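For reference, the structure is listed below as structure tokens.
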Protein chains: 2
Amino acid sequence: MKELKQDRKSRYTRMVLRDSLVELMKTKPITKITIKELCENADINRSTFYSHYSNQYDLLNSIEEETLSWAKKSISYLMDKHDIQETKNILLEMFKSIKENSQHLQVLMSEKGDIDFQKRLFALIYEECGINLAAGEHKDEDMNESYFVFVVNGSVGLIQHWLKNGMTKSAEEMADIIYQFTFAREPNEMK
Amino acid sequence: MKELKQDRKSRYTRMVLRDSLVELMKTKPITKITIKELCENADINRSTFYSHYSNQYDLLNSIEEETLSWAKKSISYLMDKHDIQETKNILLEMFKSIKENSQHLQVLMSEKGDIDFQKRLFALIYEECGINLAAGEHKDEDMNESYFVFVVNGSVGLIQHWLKNGMTKSAEEMADIIYQFTFAREPNEMK
DNA sequence: TATTATATTGACACAGTGTTGTTTTTGCAA
DNA sequence: TTGCAAAAACAACACTGTGTCAATATAATA
């Protein structure tokens with residue numbers, strides 16, 4: 001009981017540190033960010049940092065984990081509540097989230113982010129959608145796995161490209177494009 | 001004249017430093033590699049390092065540039081000399097090179113490498129092949145650009161996956177798979 | 001052999017790291 | 001309100017790595 005209440009301060013500190021890192025990552029890669037400047041930016045004592053995280057990468061990792069679990073929750077919420085079963089709509093919601101909602105998400109998805117996180121996020125999206133990509137289209141299991149890897153990486157690259165170039169396309173267009181490249185066998189099926 | 005001959009020592013030093021970095025990158029990410037250990041590993045004085053490169057990333061970049069120009073030369077050689085116009089055969093040769101030839105290339109393409117280098121390499125391959133991916137297949141220029149981005153990233157991801165998992169597939173199989181995902185509209189066209 | 005470019009060496013001040021012990025602040029409960 | 005823990009702030013520590021410099025040594029070659 002005590003522990004839960006006492007968390008408040010801790011949680012505030014962690015939040016400030018997370019925001020500070022994300023803010024700095026907008027301007028430079030994490031490799032160039034020192035713990036010292038991270039703490040000065042957050043107005044947190046450097047010693048305090050060490051009582052929560054062991055280094056920059058540990059902190060980044062905790063942000064990633066948090067974001068992944070948020071994404072997982074968002075997707076299952078979409079699937080349950082709104083009875084949206086179509087992959088395209090889920091993709092669309094994800095794109096809207098990336099574009100509008102989360103400061104963190106934009107940085108994490110950008111070139112400055114961790115490519116592994118991005119792959120994990122998209123693997124999660126596709127898997128959470130319960131879709132075996134192009135199932136039956138290919139001869140064997142190996143081919144399906146290869147196609148999954150190919151499509152996840154292609155999708156992530158497209159998002160990065162989108163974010164990097166100022167997001168001139170709408171979320172709808174992006175969802176449409178990714179859907180076509182990934183799921184649709186016939187072009188012009190949607191729209 | 002003088003300059004050319006005097007290069008010898010310099011070039012040796014640079015080569016040793018490059019090999020040293022690649023060797024260390026097999027065991028840890030470049031972010032964890034200090035200039036100090038890099039020089040100790042190469043048996044080169046730390047001060048000497050600074051007279052050639054400004055830091056680890058500068059050194060890595062020079063390796064990447066060298067590799068890219070090697071790749072460019074290899075491809076144009078293949079295109080010119082042997083009159084191989086078929087994309088698939090060029091892809092196959094590339095995969096053989098990756099698998100057999102270059103120690104450096106394996107590290108650069110691995111997860112420990114620089115993702116940007118990997119994208120540059122594949123963009124180069126596709127462009128050098130003179131292939132406008134799926135030209136005319138899609139409605140507009142935007143769509144073609146998106147498809148290019150998607151396919152380059154998908155290919156790079158697949159290679160990484162291949163290298164990471166011990167290259168169980170043959171170079172032929174990999175060329176086949178990438179060809180199908182990228183160029184072929186009908187599955188089972190080749191083989 | 002003398003010249004010249006380069007590498008080596010050791011020293012320097014300086015940044016950032018990770019830890020420890022002490023003091024201050026905070027939230028909550030008696 | 002006061003007192004009690006828990007957490008944060010603070011200051012000091014030794015340590016590692018950084019970047020630069022000036023003096024010296026070592027090769028190749030003219």
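Each chain gets a letter, A, B and so on, in the order the sequences are listed, and its residues count up from 1. Worth saying up front: this structure is predicted, and the values here are computed from it rather than measured.
For B/K28, the salt bridge (charged side-chain N to carboxylate O under 4.0 Å, His left out) partners at least two apart in sequence or on another chain are B/E37. Partners of A/T31 under the side chain to side chain contact (heavy atoms under 4.5 Å, CB included) rule, at least two apart in sequence or in another chain, are A/P29, A/Y57, B/T31, B/Y57. Every side chain to side chain contact (heavy atoms under 4.5 Å, CB included) that B/E173 has, sequence neighbours left out, goes to B/K169, B/S170. Scanning for side chain to side chain donor-acceptor pair (under 3.5 Å) contacts around A/N61 gives an empty result, with sequence neighbours left out. Under the side chain to side chain contact (heavy atoms under 4.5 Å, CB included) criterion, A/Y50 pairs with A/I35, A/R46, sequence neighbours left out. Under the rule for a side chain to side chain contact (heavy atoms under 4.5 Å, CB included), A/D43 has no partner lying at least two apart in sequence or in another chain. Under the side chain to side chain donor-acceptor pair (under 3.5 Å) criterion, B/Q118 pairs with B/Q160, sequence neighbours left out. A search for side chain to side chain donor-acceptor pair (under 3.5 Å) contacts involving A/N55 returns nothing, not counting sequence neighbours.
Residues from residues 17-43 of chain A that place a heavy atom under 4.0 Å from any atom of DNA chain C, listed by number: A/T34, A/I35, A/K36. Within residues 57-66 of chain A, no residue has any heavy atom closer than 4.0 Å to DNA chain D.
A salt bridge links A/R120 to A/E65: at least one charged side-chain nitrogen sits closer than 4.0 Å to a carboxylate oxygen.
Taken together, the paired segments of DNA chain D that extend over three or more consecutive Watson-Crick or G-U pairs, each closer than 3.5 Å at both contacts, are C:1-11 with D:20-30, C:19-30 with D:1-12.
When each of C/dG18, D/dT20, D/dA8 is scored by its nearest atom to the side-chain atoms of A/T13, the top-ranked nucleotide is D/dA8.
For B/H52, a side-chain nitrogen or oxygen approaches OP1 or OP2 of C/dA7 to under 4.0 Å.
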Hey, what are the protein-to-nucleotides 11-15 of chain D N/O distances that come in under 3.5 Å?
residue : atom : partner : partner atom : Å
D/dA11  : N6   : A/S47   : OG           : 2.9

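Taking the six-membered ring where the residue is Trp, B/Y53 and B/F49 present tilted rings, their angle falling between 30° and 60°.
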